[in-house]
Amino acid sequence: MISETVIIGGGVIGLAIAIELKLRGTNVTVLCRDFQAAATHAAAGMLAPDAENIANEAMRSLCWRSRALYPDWTRKLEELTGLNTGYRACGILAPVFEEAGGQGSRGAGEQGKLLSSAPLPLCPSASEESPAYWLNKEAIHQYQPGLGAEVVGGWWYPEDAQVDNKALAHVLRTAAESVGVELKDGITVEAFLQQQGQVVGVQTNAGIIRAAHYVLASGAWSNELLPLPVLPRKGQMLSVRIPEISPELPLKRVLFGQDIYIVPRRDRLVIGATSEDVGFIPNNTPEGIQKLLQAAIRLYPQLKHYPIQEFWWGFRPTTPDELPILGTSHCQNLTFATGHYRNGILLAPVTAALIADLILEQKSDPLLADFHYSRFQSKSSTSTAMLTHSANFSNGHHSAISPLPTDAINPVSTDSPLIIAGKTFQSRLMTGTGKYRSIEEMQQSVAASDCQIVTVAVRRVQTKAPGHEGLAEALDWTKIWMLPNTAGCQTAEEAIRVARLGREMAKLLGQEDNNFIKLEVIPDLKYLLPDPIGTLQAAEQLVKEGFAVLPYINADPMLAKRLEEVGCATVMPLASPIGSGQGLKTTANIQIIIENAGVPVVVDAGIGSPSEAAQAMELGADALLINSAIALSPKPAAMAHAMNLATVAGRLAYLAGRMPIKDYASPSSPLTGTITS
């Protein structure tokens, strides 16, 4: 049976959505790679929109709404399972150190009076939606004994609460099972399969799984499937055990301090959390744990005597603006629910309700507009137009030279267009986006080259490598065909995964039917020579998955023929090593490849000058890919224009045919009919 909805991700968000959909009558399957790796486990369970002092108005409203849902939501889960979530409407105390500026740390308009009379002088802030009370130094130390001597006051947020995050995760899984959600563990989703603006299945390590609707809720791993700006933010945490016999009064309240929080549970204190931009590097570190302990002891000194119980870490999914991505996607039957960063636990009930409304009732809450993925894209990238004709670029940085009109050339020698995988291109020069000194130089050079295909390194865009920030917005993808490449991949497996991501990147930029991939498998980091075995393995798999594969290879005629036989759209032999500028060092082999090829041959890598570009085209190459020679020129736009002219000249020369080479001179003027003495 095909499930009505497949949810990718088995953390708190995915499970909450699954339960909500199932309770509304939908068959749901949850695909979970590793339940223990979910961000759920890198949390302390604070429900703290007030203590977090969230500045974004839409985010604050979303968090308040979700916090208000928590009592009924957890009660429903507990009734379904007979288990306790650990939800407590306990309030949160936010102590302030002297250097933090006292109550000024909450900002203008949210301050109460400083009162010194006892008992417990509470002064409400100006916020009507969610009250906050200022406690002066005397009051806060009375309210919570044992705080550090440097604490000079603090805010009390009575509406904030907590839940036991690990207990909640267990309750959610149990509830999902009890209502009939199908849970599939150990399933790694490798790619979305798309056709005509619809997801038609997901490729997994267990085969293809299909559904009517799909929800992406895979947290920090989301951008392994789609080029969404969701990245892991590592959080380290620890817990200390509360001694059974202690002379001090135990900590009764959640403490939300400066870069630290301490959450009391029945027999322990949970301390967190670091926030580290280190990718998916696992494990606790001495530095991370030391920072947590130092900050926690400063806030609540007596815990320095408590025995350490446990260390752990997890990966929170964060976006550039630290707001979640919620709502519709570029595919009609794919919904996003990811990027919740520090507030995944808090936002679980409201996310579940909003996503269920959207999927089942096509009801889009007005708040969702503030969390749509399109906020990270330019307006020009939403067009679905595809390039099928020449892009008539112009810019003010080089003199325009009009192309020779076709009627000025003998019709017999007029060139045919370049056709790759059924797509037609007039330009035979492809360029890249790397190595430029600035985005502006890249834009000018692409325009000057008059190219129609631009290759983009998927991994560098994904990681926002220098020079690749804002690349999606820098070019007009309605006029340029994107050629995603797998640069940086050292194995066939890596290249296949990045190729799938590249296809999704092209779709998000409006090129719905773009299945092109420039395949690079390069384990050799010194000479950057491609791995022929890995390239062939990756090409075979990608062709099976419907890609138009353009493989970068050594100038090996046998490999080129084998790649053509497995279904590659082109072959791309190197002229010399990448970025070397050595020119044509593999001429003889490239000629053999051209003579035997039934697909276009694109000479890639090593060309350093326009004369070398013209020479490669004179050999009979169908196209060139040139990046370094343009980007590293002192005047990239001028060099791009020169490379374009050289490509055209070389192609025309090849079509025209060169004169025979002779061993003797042959006068260019006739000798007959000359005047003799």
Side-chain angles (χ1 to χ4, degrees), residues 8-17 37-67 70 92 160-163 165 168-169 215-237 256 258-261 263 270 272-282 288 292 312-327 335-352 354-355 367-368 370-373 375-376 462-464:
I8 301 156
V12 162
I13 296 295
L15 290 171
I17 295 169
T40 310
H41 303 285
M46 290 186 301
L47 311 175
D50 295 336
E52 292 259 13
N53 200 16
I54 294 170
N56 182 276
E57 184 176 348
M59 182 64 169
R60 191 165 62 244
S61 296
L62 189 71
C63 290
W64 277 341
R65 189 190 299 185
S66 199
R67 186 182 62 187
Y70 241 91
I92 290 180
D160 281 350
Q162 70 160 302
V163 68
N165 56 298
L168 177 64
V215 178
L216 180 63
S218 53
W221 290 266
S222 296
N223 83 339
E224 292 188 354
L225 296 173
L226 292 171
L228 295 172
V230 182
L231 296 173
R233 191 72 59 81
K234 179 179 171 182
Q236 298 188 52
M237 302 183 67
F256 191 97
Q258 183 179 342
D259 301 321
I260 195 73
Y261 53 75
V263 180
V270 176
T274 63
S275 181
E276 304 168 54
D277 190 9
V278 294
F280 285 107
I281 296 176
L292 292 176
W312 66 94
W313 76 93
F315 302 108
R316 295 183 173 110
T318 186
T319 63
D321 57 12
E322 298 186 353
L323 304 180
I325 297 174
L326 303 172
T335 301
F336 292 150
T338 187
H340 289 76
Y341 188 33
R342 297 169 59 94
N343 292 295
I345 299 283
L346 168 61
L347 292 175
V350 76
T351 300
L354 293 177
I355 297 301
L367 260 184
L368 286 178
D370 293 284
F371 304 103
H372 197 260
Y373 81 97
R375 69 185 188 270
F376 299 113
Q462 184 185 14
T463 59
K464 298 190 182 300

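All values derive from a computational prediction rather than experimental measurement.
- Pairing each heavy atom of Gly235 with each of Arg316, the nearest pair is CA-NH1, 4.2 Å.
- When atom types are taken as modelled, the side chain of Lys234 and the backbone of Gly279 share no donor-acceptor pair closer than 3.5 angstrom.
- For Tyr70, the ring pair (Phe, Tyr, Trp, His ring centres under 6.0 Å) partners at least two apart in sequence or on another chain are Trp73, Tyr87.
- Atom CG in Leu62 sits 7.5 Å away from atom NE2 in His340 (nearest 0.5 Å).
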side-chain contact (heavy atoms from CB on, under 4.5 Å) evaluation trace for Gln162 with Ile92: CA-CA 9 Å; Gln162 70 160 302; Ile92 290 180; 6.0 Å; no

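- Between the side chain of Ser61 and the backbone N or O of Glu57, at least one donor-acceptor pair lies under 3.5 Å.
- Using a 4.5 Å cut-off on side-chain heavy atoms (C-beta onward), Leu367 and Val350 make no contact.
- Using a 4.5 Å heavy-atom threshold, the side chains of Glu52 and Asn343 count as touching.
- For the residue pair Asn165 and Gly45, the shortest heavy atom distance occurs at OD1-N, 3.9 Å.
- Of all non-hydrogen atoms in Pro317 and Ala220, the two that sit nearest each other are CB-N, 3.3 Å.
- Contact between Gly339 and Val230 at its shortest, heavy atoms only, is CA-CG1, 4.2 Å.
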For Leu323 and Arg375, what are the C-alpha separation, side-chain angles and deciding distance, and is it a side-chain contact (heavy atoms from CB on, under 4.5 Å)? CA-CA 11 Å; Leu323 304 180; Arg375 69 185 188 270; 3.6 Å; yes

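- Proximity of Met46 to Val263: side-chain heavy atoms (C-beta onward) are separated by under 4.5 Å at one or more points.
- Judged by distance alone, the side chain of Thr338 and the main-chain N or O of Ser218 form no donor-acceptor pair under 3.5 Å.
- Contacts of Phe256 classified as ring pair (Phe, Tyr, Trp, His ring centres under 6.0 Å), with partners at least two apart in sequence or in another chain: none.
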Set out, in order, the CA-CA distance, both residues' side-chain angles and the distance that settles side-chain contact (heavy atoms from CB on, under 4.5 Å) for Leu326 and Leu347, then state yes or no. CA-CA 11 Å; Leu326 303 172; Leu347 292 175; over 6 Å; no

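- With sequence neighbours left out, Arg60 forms a side chain to side chain donor-acceptor pair (under 3.5 Å) with no residue at all.
- Counting heavy atoms from C-beta on, the side chains of Leu226 and Phe336 come closer than 4.5 Å.
- Contact record, Leu346 with Leu47: CA-CD2, 3.7 Å, taken as the closest heavy-atom pair.
- Asp321 places none of its side-chain heavy atoms less than 4.5 Å from the side chain of Met59.
- Between Phe280 and Trp221, the two ring planes are parallel [angle under 30°; tilted spans 30° to 60°].
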Would you check, one step at a time, whether the test side-chain contact (heavy atoms from CB on, under 4.5 Å) holds for Ile325 with Phe376? CA-CA 10 Å; Ile325 297 174; Phe376 299 113; 3.9 Å; yes

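- Of all the heavy atoms in Ile13 and Ala217, the pair that sits closest is CG2-CB, 4.2 Å.
- At a threshold of 4.5 Å between non-hydrogen side-chain atoms, the residues Pro324 and Thr319 do not count as touching.
- The shortest side-chain heavy-atom distance between Tyr261 and Met237 falls under the 4.5 Å cut-off.
- A distance of 8.5 Å separates CZ in Phe315 from CD1 in Ile281, rounded to the nearest 0.5 Å.
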